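Ligands are counted one by one from 1 in listed order, and the atoms in each one are counted from 1 as well. Because the structure is predicted, anything quoted here is derived from the model rather than measured.
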Amino acid sequence: MITIALSKGRIFEETIPLLKAAGITAPDDPETSRKLILPTNRADVRLIIVRAGDVPTYVQYGAADIGVAGKDVLDEHGGTGLYQPLDLNIARCRMMVAVREDFDYESAVRQGARLRVATKYVQTARAHFAAKGVHVDLIKLYGSMELAPLVGLSDAIVDLVSSGNTLKANHLKAVEQIADISSRLVVNQAALKLKRAAIQPILDAFAFAIKK
Ligand code: PRT
Ligand code: MG
């Protein structure tokens, strides 16, 4: 049995065409079905639906053989036990530093002020500001980071931006790009050795179907 871990939403939607290229189709839609284990047209392949941030953990421990996870999530996880053969070029966005429209980020940084930064991406934020030599107090959040500077919880946020509409709607501006983000295929290292005959054709089909 090959188990593939996906999260609902954009990753599931954008992975479906890649699975199709590998001859794998799933009849259930995770948006409407409450099933967490979805059978596919292939008796030896199943999908499991997990939180986006949990995908690397399922694959690391071998509860899933393969997964699809954003680079944002993989950077936070650290990648232990994961083979990352492919950038799937899906669910693209940017990891950014953002502040209120009326906040003078440049002078705050120039003056060596200690910045309060709210984010779900604590490792990423810590590494970014350490490399710049900017002192920060990190505040861990689990969602809706855009709210933090509006109510005085933080000076800045580190968050993903795609269209920029969420920042605009909340009178925030992006002031720095930290990384380009896309989703990666991750494979359990032991599974790749033990189940290579079943896994390699899936990797090859995905590699062939990736949009440049
Ligand atoms: O929802 P849950 O808490 O379970 O986890 P999640 O929010 O991490 O999962 P999900 O499914 O929303 O995102 C899965 C992956 O998609 C992320 O790990 C990213 O790699 C990728 N991705 C691509 C994005 C975005 N684009 C994105 N725009 N993830 C989140 N966003 C959010 C962003 O955090 C911000 O709040 O969308 C908002 C900004 O969007 P714009 O278009 O207004 O700029
Ligand atoms: Mg989400």
Side-chain angles (χ1 to χ4, degrees), residues 4-19 26 28-38 47-60 63-64 66-80 82 84-101 117-125 127-128 138-151 153-154 156-187 206 210-211:
I4 304 176
L6 298 175
S7 53
K8 281 203 275 196
R10 60 192 116 217
I11 288 188
F12 187 87
E13 283 153 27
E14 296 191 49
T15 303
I16 286 298
L18 298 172
L19 286 169
D28 296 300
D29 175 0
E31 296 300 335
T32 50
S33 156
R34 284 165 189 267
K35 285 188 202 168
L36 298 174
I37 301 180
L38 310 182
L47 310 183
I48 62 171
I49 303 301
V50 306
R51 287 289 292 266
D54 291 337
V55 167
T57 305
Y58 278 84
V59 177
Q60 172 189 1
I66 298 173
V68 176
K71 186 176 183 298
D72 50 318
V73 160
L74 291 167
D75 286 347
E76 289 296 304
H77 173 271
T80 312
L82 303 177
Q84 301 185 30
L86 293 174
D87 179 349
L88 300 176
N89 205 17
I90 60 172
R92 294 187 59 89
C93 55
R94 287 152 289 141
M95 185 69 74
M96 307 284 276
V97 180
V99 298
R100 282 166 58 134
E101 278 167 3
V117 179
T119 187
K120 177 168 148 185
Y121 304 100
V122 172
Q123 306 301 336
T124 299
H128 173 72
L138 292 171
I139 300 172
K140 167 81 184 182
L141 290 178
Y142 293 87
S144 302
M145 271 77 86
E146 294 88 355
L147 181 61
L150 304 181
V151 295
L153 179 62
S154 71
I157 60 172
V158 167
D159 194 10
L160 299 173
V161 177
S162 47
S163 66
N165 289 339
T166 307
L167 292 184
K168 205 176 294 168
N170 291 293
H171 304 288
L172 301 174
K173 61 182 178 188
V175 287
E176 250 165 30
Q177 172 157 344
I178 299 179
D180 271 315
I181 302 290
S182 56
S183 288
R184 313 295 161 107
L185 195 71
V186 292
V187 184
F206 270 51
I210 291 169
K211 291 204 184 75

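- Considering backbone and side-chain atoms alike, R10 places an N or O below 3.5 Å from some N or O of ligand 1.
- In this structure, K211 places its NZ atom where only 12 or fewer heavy-atom neighbours from other residues, nucleotides or ligands lie under 6.0 Å away.
- At least one N or O atom of G164, backbone or side chain, sits closer than 3.5 Å to an N or O atom of ligand 1.
- Near I181, the atoms of ligand 1 lying under 4.0 angstrom from a non-hydrogen atom of the residue are 20 (O).
- Considering every non-hydrogen atom in both I48 and Y58, the closest pair reads CD1-CD2, 3.8 Å.
- Listed by atom number, the atoms of ligand 1 under 4.0 Å from G70 heavy atoms are 20 (O).
- Contacts of L167 with ligand 1, taken as heavy-atom pairs under 4.0 Å, are absent altogether.
- By the criterion of a heavy-atom distance under 4.0 Å, the side chain of C93, and not its backbone, is placed next to ligand 1.
- Heavy-atom proximity to V73, at under 4.0 Å, picks out these atoms of ligand 1: 18 (O).
- A52 counts as a contact of ligand 1, since one of its heavy atoms falls under 4.0 Å from the ligand.
- At least one heavy atom of K8 lies less than 4.0 angstrom from ligand 1.
- Looking at ligand 1, you won't find any N or O of S7 less than 3.5 Å from one of its N or O atoms.
- Counting heavy atoms only, R51 comes closest to atom 2 (P) of ligand 1 of the residues R51, M95, R92.
- With a 4.0 Å cut-off on non-hydrogen atoms, K120 touches ligand 1 through its side chain and not its backbone.
- For the pair E146 and ligand 1, the shortest N or O to N or O distance falls below 3.5 Å.
- Which of S163, A169, A91 comes nearest to atom 41 (P) of ligand 1 through a heavy atom is settled by distance: it is S163.
- Here the OG1-CD1 distance, from T15 to I4, works out to 9.5 Å after rounding to the nearest 0.5 Å.
- Polar contact with ligand 1: present for D72 (N/O pair, distance under 3.5 Å).
- Here the shortest heavy-atom pairing between V68 and V55 reads O-CG1, 3.6 Å.
- Under the side-chain contact (heavy atoms from CB on, under 4.5 Å) criterion, V161 pairs with R94, M96, L167, not counting sequence neighbours.
- Under the 4.0 angstrom criterion for non-hydrogen atoms, M145 is not in contact with ligand 1.
- Residue contacts with ligand 1, taken as heavy atom pairs separated by less than 4.0 Å, involve T166 via backbone and side-chain atoms alike.
- Atom CZ of F206 has more than 12 neighbouring heavy atoms from other residues, nucleotides or ligands inside a 6.0 Å radius.
- Set against the non-hydrogen atoms of N165, the atoms of ligand 1 under 4.0 Å away are 43 (O), 44 (O).
- Shown are D180, D75, I178; of these, the side chain to side chain contact (heavy atoms under 4.5 Å, CB included) with M95 is made only by I178.
- The shortest heavy-atom contact between I157 and M145 is CG2-O, 3.2 Å.
- The backbone N or O of S182 sits nowhere less than 3.5 Å from a side-chain atom of K71 that would complete a donor-acceptor pair.
- Near V161, meaning under 4.0 Å from any of its heavy atoms, are these atoms of ligand 1: 44 (O).
- Side chain of E76 to backbone of Q123: a donor-acceptor contact under 3.5 angstrom is found.
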